[in-house]
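The block underneath contains the structure these notes are about, expressed in structure tokens.
One-based numbering, in listed order, for ligands and for the atoms of each.
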Amino acid sequence: MNLTEWINPLKRPLIISGPCSAESPEQLLIIAGRLKKLGIPIMRAGVWKPRTRPGTFEGRGNEALQWLAQVKQQTGIMIATEVATAQHVEKACQAGVDILWIGARTTVNPFMVQEIADALKGTDKIVWVKNPLNPELALWLGALERINQSGISRLAGIHRGFTPFRQSRYRNLPLWQLPLELKSSCPQLPLIADPSHIAGSRNLIFEVAQRALDLGYDGLMIETHPDPDKALSDSQQQITPETLEQILAQLHTYTPSSDNTVFLNKLEKLREQIDHIDRELIDTLAARMRLAEQIGEYKKENNVAVFQAERWKEIMESRPLWGEQVNLSAEFMRELYRIIHDESIRVQTQIFNRSEHDAA
Ligand code: PEP
Ligand code: MN
């Protein structure tokens with residue numbers, strides 16, 4: 001199974017663009033023409049739109065598939081669209097759609113994903129799986145596995161962010177750690193970012209796209225529309241192909257790795273230093289934990305509860321300040337001490353629960 005076989009011949013980073021929804025044949029032709037001029041090989045366009053609330057535009061359906069087929073025929077651009085049922089798969093395959101993607105609202109549902117996987121058997125489609133709405137790696141991986149088990153090997157994951165509880169800076173929380181964990185469990189799986197759905201507004205697309213490239217993503221999917229303000233879906237986040245061209249010109253791109261020996265030697269030396277410091281760090285953490293254990297024993301002897309709110313408050317106030325003095329962010333310090341404190345509470349609780357018999 002070679003997951004990267006389809007992406008390797010394409011220019012890196014792979015750019016995919018096109019409207020949120022296919023609205024008319026004219027709209028698709030305008031966009032496809034501009035994308036071709038920019039050297040973008042794949043056009044996206046939603047035909048069936050899963051909308052969170054009813055009563056909004058739900059896509060042009062089967063009719064729009066024919067428009068996509070025409071655009072493909074006239075321009076030679078590859079076409080990608082979203083599928084959410086077995087019937088969608090069948091219709092999209094009949095219309096010659098090159099790439100099918102599973103949307104975030106479908107990835108959450110293993111029944112739907114299995115139905116799609118079964119419908120894909122025997123096809124040689126490229127399939128992309130967007131992350132589920134909720135930050136659960138297993139659900140994302142599970143969907144990719146279901147599709148893969150149907151004989152589809154040309155896969156990719158699309159990172160489109162996770163639903164926030166309240167309004168946040170981005171429409172969807174990026175939680176970059178999660179897609180990076182996907183990449184670590186499947187290093188061969190191409191990872192594409194969807195800055196449009198993460199950002200939710202035009203002015204934030206560049207920063208999200210740059211962050212994805214900094215992290216070594218293989219591609220970007222960015223929504224474009226000839227007249228974004230008039231778009232029938234996601235109008236706030238769609239940009240014109242001209243804006244896309246500017247963004248692409250400003251983005252800094254990287255190679256995934258290098259075989260330059262000077263670079264590799266220096267990198268290895270720095271990594272050796274990191275390994276050394278990590279050992280010291282672990283020894284220091286262990287020494288800290290042994291002290292926490294002594295404190296646990298002492299609290300137990302004196303019948304004092306494990307959790308001491310005052311002490312916790314003091315740690316959470318002082319450590320971010322100490323960190324900032326040596327250029328470590330306050331947020332990093334808070335995260336780190338939350339984890340250390342949780343472990344320390346766990347260890348002390350274990351001491352409390354140990355019976356006298358165990359201790360002897
Ligand atoms: C889309 O790509 O237009 C879309 C509906 O995406 P998501 O599934 O990420 O919400
Ligand atoms: Mn959209």
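Under the salt bridge (charged side-chain N to carboxylate O under 4.0 Å, His left out) criterion, Arg146 pairs with no residue, sequence neighbours left out. With sequence neighbours left out, Thr52 forms a side-chain hydrogen bond (donor to acceptor under 3.5 Å, both in side chains) with Arg105.
Side-chain contact between Gln273 and Leu270 is present, with at least one heavy-atom pair separated by less than 4.5 Å. A 4.5 Å side-chain heavy-atom check between Ile15 and Ile222 finds every atom pair outside the cut-off. You'll find the side chain of His341 reaches within 4.5 Å of the side chain of Phe307, heavy atoms only. Put simply, the side chain of Pro13 reaches to within 4.5 Å of the side chain of Leu213, judged on heavy atoms.
His276 and Glu272 form no side-chain donor-acceptor contact under 3.5 Å, judged by distance and modelled atom types alone. Side chain to side chain, Glu223 and His197 meet the donor-acceptor criterion of an N or O pair below 3.5 Å.
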Considering only N or O atoms, set out every pair between ligand 1 and the protein closer than 3.5 Å, with distances to one decimal place.
from: ligand 1; atom 1: 2 (O); to: Arg44; atom 2: NH1; distance (Å): 2.7
from: ligand 1; atom 1: 2 (O); to: Arg44; atom 2: NH2; distance (Å): 3.4
from: ligand 1; atom 1: 2 (O); to: Lys130; atom 2: NZ; distance (Å): 2.8
from: ligand 1; atom 1: 3 (O); to: Arg44; atom 2: NH2; distance (Å): 2.9
from: ligand 1; atom 1: 3 (O); to: Lys49; atom 2: NZ; distance (Å): 2.8
from: ligand 1; atom 1: 3 (O); to: His197; atom 2: NE2; distance (Å): 3.2
from: ligand 1; atom 1: 3 (O); to: Glu223; atom 2: OE2; distance (Å): 3.3
from: ligand 1; atom 1: 6 (O); to: Lys130; atom 2: NZ; distance (Å): 2.9
from: ligand 1; atom 1: 8 (O); to: Ala104; atom 2: N; distance (Å): 2.9
from: ligand 1; atom 1: 9 (O); to: Lys130; atom 2: NZ; distance (Å): 2.8
from: ligand 1; atom 1: 9 (O); to: Arg160; atom 2: NE; distance (Å): 2.6
from: ligand 1; atom 1: 10 (O); to: Arg105; atom 2: NH1; distance (Å): 2.8
from: ligand 1; atom 1: 10 (O); to: Arg160; atom 2: NH2; distance (Å): 2.8

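Using the six-membered ring where Trp is involved, Trp48 and His88 have ring planes that are parallel, under 30° apart on the 30 and 60° scheme.
If you look at the Mn ion (ligand 2), the protein N, O or S atoms less than 2.8 Å from it are Cys20 SG, His197 NE2, Glu223 OE2, Asp234 OD2.
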